[in-house]
Amino acid sequence: MISITTAELNTLLATFLWPFSRILALVASAPILGNPSVPVRVKLGLAIMITILVTPAVEKSIPPIDPASGIGLIILLQQILIGVAIGFVMRIVFVAVEMAGELIGLQMGLGFAIFFDPQNSGQIDIMGRFLGVIASLAFLAMDGHLMMIALISQSFTTLPVGSEGMTDATFTTLANLGGEIFKSGLQLSLPVLTALLITNLALGILTRAAPQLNIFAVGFPLTLSMGLLVLALSMPFYAPILERLVYDGLNLMMGILNVKEINMP
């Protein structure tokens with residue numbers, strides 16, 4: 001007959017629960033993996049599978065604390081916060097790209113072409129959706145999702161369960177990261193915005209020279225065509241910028257978790 005004491009049961013539960021909460025928080029908040037189009041069962045299954053793989057390596061570092069105690073609940077919240085912070089860092093990259101698309105679409109006259117974005121539970125225009133898809137494909141091509149999984153697995157060694165967790169400086173860094181949305185979004189949209197500014201100036205001069213010209217009949221097709229042309233010419237130059245944004249996000253995640261190098265399997 002197999003008998004398990006309460007202490008052994010608490011140890012087994014803590015060994016699985018705390019790493020699982022950190023991994024599930026990352027899966028739920030990270031781009032691509034946390035998309036609402038991904039079924040909840042897939043997210044849970046992925047988090048459980050990763051937890052089972054990393055548990056043998058982290059079970060010795062799990063503190064002997066009852067998960068149902070006050071300290072155990074604090075540790076649980078701490079693990080969730082760490083996972084959400086890591087996913088938030090990488091999501092900033094995609095928000096910056098979508099913001100660039102919204103700026104471009106607004107100047108092109110496509111501000112009325114709005115779709116519902118289930119990932120953010122809000123509205124996004126067609127150019128933001130387009131650049132968001134491009135960023136997602138680039139992220140997958142760079143194995144960014146695999147790097148995040150490898151990073152969260154290594155984090156249990158550099159930032160073990162029950163440690164002090166994230167410092168005040170880390171929260172300050174995450175708060176200041178919001179400025180990266182406007183900086184990177186403007187950087188990505190600047191070529192198209194510059195071309196459209198020149199186009200609008202030319203239309204303004206043309207309207208002054210020929211007042212009888214119907215500016216609405218000429219201006220909208222011209223700005224739309226010019227915007228699409230410059231966007232198509234600028235697409236090859238977006239790749240290094242997207243790559244830099246992704247690697248900057250990964251480096252910041254490594255700094256939060258005190259990881260020196262990502263060990264890919």
[X] and [Y]: which non-hydrogen atoms are nearest, and at how many Å?
X    : Y    : answer
I149 : S153 : O-OG, 2.9 Å
V89  : G249 : CG1-O, 3.4 Å
P240 : P236 : CD-O, 3.8 Å
P31  : G87  : CD-O, 4.0 Å

When you compare the side chain of [Y] with that of [X], does any pair of heavy atoms fall below 4.5 Å?
X    : Y    : value
Q107 : T223 : no
M235 : L233 : no
F88  : V95  : no
L131 : L188 : no
L250 : M90  : yes
V93  : D248 : no
V246 : M147 : no
I86  : M148 : no

Under 4.5 Å between side-chain heavy atoms, hopping through other hydrophobics if needed: is there a path connecting [X] to [Y]?
X    : Y    : answer
I32  : M49  : yes
I198 : L103 : no
L224 : L229 : no
I80  : I74  : no
I92  : L140 : yes

Let me confirm one number: the [atom1]-[atom2] distance from [X] to [Y], rounded to the nearest 0.5 Å.
X    : Y    : atom1 : atom2 : value
I50  : L24  : CD1   : CG    : 10.0 Å
R129 : E98  : CZ    : CD    : 7.5 Å
L26  : I82  : CG    : CD1   : 11.5 Å
I152 : M253 : CD1   : CE    : 7.5 Å
L151 : L146 : CG    : CG    : 12.5 Å
I104 : L190 : CD1   : CG    : 10.0 Å

TODO: For side chain to side chain contact (heavy atoms under 4.5 Å, CB included), just list the numbers for L193 and L186, CA-CA rounded to whole Å, side-chain angles, deciding distance to a tenth of an Å, and then say yes or no.
DONE: CA-CA 9 Å; L193 294 182; L186 183 60; 4.1 Å; yes
- [ ] Give the ring-plane orientation class for H145 versus F139, where under 30° counts as parallel, over 60° as perpendicular and anything between as tilted.
- [x]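 The rings of H145 and F139 sit tilted, inter-plane angle from 30° to 60°.
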TODO: Please lay out, stage by stage, how M142 and L242 fare under the test side chain to side chain contact (heavy atoms under 4.5 Å, CB included).
DONE: CA-CA 10 Å; M142 296 168 56; L242 292 176; 6.0 Å; no
Open item on the list: So, using side chain to side chain contact (heavy atoms under 4.5 Å, CB included) as the criterion, who are the partners of S234 when residues are at least two apart?
Closed with: P191, V230, Y238
Open item on the list: Could you check whether any side-chain N or O of R91 sits under 3.5 Å from a backbone N or O of S29, counting only pairs where one atom can act as donor and the other as acceptor?
Closed with: yes
- [ ] Please lay out, stage by stage, how L203 and N200 fare under the test side chain to side chain contact (heavy atoms under 4.5 Å, CB included).
- [x] CA-CA 5 Å; L203 288 173; N200 289 327; 4.3 Å; yes
TODO: Mind running side chain to side chain contact (heavy atoms under 4.5 Å, CB included) on F20 and L44 for me, showing each step along the way?
DONE: CA-CA 10 Å; F20 173 72; L44 287 174; 4.2 Å; yes
